[in-house]
Amino acid sequence: MQPIAAPLLQWFDANKRLLPFRQEPSAYHIWVSEIMLQQTRVAAAIPYYERFIAALPDPAALAACEPDALRKLWQGLGYYNRVNNMQKAARIVCEQYGGDLPADYDALRSLPGIGDYTAGAVASIAFGIPVPAVDGNVLRVFARLYNDDADVMAPATKKAFTVRVLDQMPKATPGPYNEALMELGALVCIPGTPHCEECPLADLCRGYAAGRADQLPVKPAPKAKGKVPVTVALIESEQGLLLQRRPARGLLAGLWQPAAWEKALTRDELTAALAGIGVQAALDEPLPPAKHVFTHKIWELGGWKGTAPACALPDGYVWAAPEDLAEVYPVPNAFGAYVKAK
DNA sequence: CACGCGTGGGG
DNA sequence: TCCCCAAGCGT
């Protein structure tokens, strides 16, 4: 394979987007943006990034943030464990590195939530350290460039591609090189039907030469998602909406939701379940059926809307007034059919 | 290595 | 409408 760096970097200079985290690319800014961008589109992450940096401008502020306030900043972005890990990492940064991210790949890689990709991105983009940052974009670009049919989801393939990425890297400008590969993947070498006619690497691309760039990269067939019934009780008292906190681990960990059970309950069973937490509810109106598709399962939501007298609640339950629902309690968008918490 | 873990936009 | 996903990480 001929060197790709020169045409790639020239294209990047002329075509890179002016993204907020490229304005003042401190290590903290790059870190926050890279965590947000994991499995997330740039357009979706930008407003979250702006708000997050304004509220928590440095690792010390992140380390000290109250958990519910932190999750509220992340509400709607998904993969909530990312922000929990980021706070753990911020505390380590404050305790062990004086409040600044370490300019060292292995030290970055050891922090919670920072894997091979993010360590490489922060090290190369923020610190100019010549290490690769291989994400889904880079895997797609290289699968096409080398006309390689290997399953890009397999860890072994990622390792082999990482060697090629490092071989091609101009050691003086690792950050722009890594960013340029990702930007090319995001703008030109896109999934499905790539824009090969405007690609700066088309002359070198073996997949293009073979006329099969649109068939790459190869990924395994997706697995079927299981369907899970969820019965929701949307209960209002004069003190607000009944919310419960989800378990600290697993799906939507630690977030708040209207009282709900991951099984199909009849109206009478739901009334009894609510009585079990001290809530004497009148269930007046069925909720419209709704569906929420996660990466690995599908919630089939239903239930009842009703009212109840305000009462004392067990730990992990609250009556949430409208302003607290909007500003205090992070509620996942999985319940968006019934609750608007933004 | 395989799986759990969110969400909203585009074809 | 449905299906594809998008700058991955932890276990």
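Per chain, numbering begins at 1; letters A, B, ... match sequence-line order. Everything quoted here is computed from the prediction, not taken from an experiment.
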Problem - Phosphate OP1/OP2 of B:dC3 contacted by A:Lys223 side-chain N/O (<4.0 Å) - result: yes
Practice task
Could you say whether A:Leu255 or A:Pro155 is positioned toward the 5' end of DNA chain B, judged by the nucleotide with the nearest heavy atom to each?
Solution key: A:Pro155
Handout entry: Stem segments of DNA chain B by first residue number [Watson-Crick or G-U, under 3.5 Å, at least 3]
Key = B:2-5 with C:8-11, B:7-11 with C:2-6
Practice task
Would you please name every residue forming a salt bridge (Lys or Arg N to Asp or Glu O under 4.0 Å) with A:Glu179, sequence neighbours left out?
Solution key: A:Arg22
Practice task
Compare side-chain N and O positions of A:Asn333 against OP1 and OP2 of B:dG8 and report whether any pair is under 4.0 Å apart.
Solution key: yes
Extract from the structure each pairing of a protein N or O with an N or O of nucleotides 3-6 of chain C at less than 3.5 Å, listing the distance.
from  : atom 1 : to      : atom 2 : distance (Å)
C:dA6 : N3     : A:Gln39 : O      : 3.3

Problem - P-based separation of B:dG8 from C:dC9 [nearest Å] - result: 23 Å
Practice task
Not counting sequence neighbours, which residues clear side-chain hydrogen bond (donor to acceptor under 3.5 Å, both in side chains) with A:Ser33? List them please.
Solution key: none
Handout entry: is_close_aromatic(A:Phe335, A:Trp299), centroid dist under 6.0 Å
Key = yes
Practice task
Report yes if a side-chain nitrogen or oxygen of A:His296 is closer than 4.0 Å to either non-bridging phosphate oxygen (OP1 or OP2) of B:dC5; otherwise report no.
Solution key: yes
Exercise for the section: Just call it for A:Arg17: base, sugar-phosphate, or nothing, with non-hydrogen atoms closer than 4.0 Å on any strand. Expected result: base
Handout entry: Set of side-chain hydrogen bond (donor to acceptor under 3.5 Å, both in side chains) partners for A:Tyr317, sequence neighbours left out
Key = A:Gln244
Problem - Short side-chain N/O contact from A:His292 to OP1 or OP2 of B:dG6, under 4.0 Å - result: no
Name the atoms and distances for all side-chain donor-acceptor pairs under 3.5 Å in residues 203-214 of chain A, with sequence neighbours left out.
from     : atom 1 : to       : atom 2 : distance (Å)
A:Arg212 : NH1    : A:Asn147 : OD1    : 2.5
A:Arg212 : NH1    : A:Asp149 : OD1    : 3.4
A:Arg212 : NH2    : A:Asp149 : OD1    : 2.8

Practice task
Taking atom C1' in both C:dG10 and B:dC1, compute the distance separating them and give it to the nearest angstrom.
Solution key: 13 Å
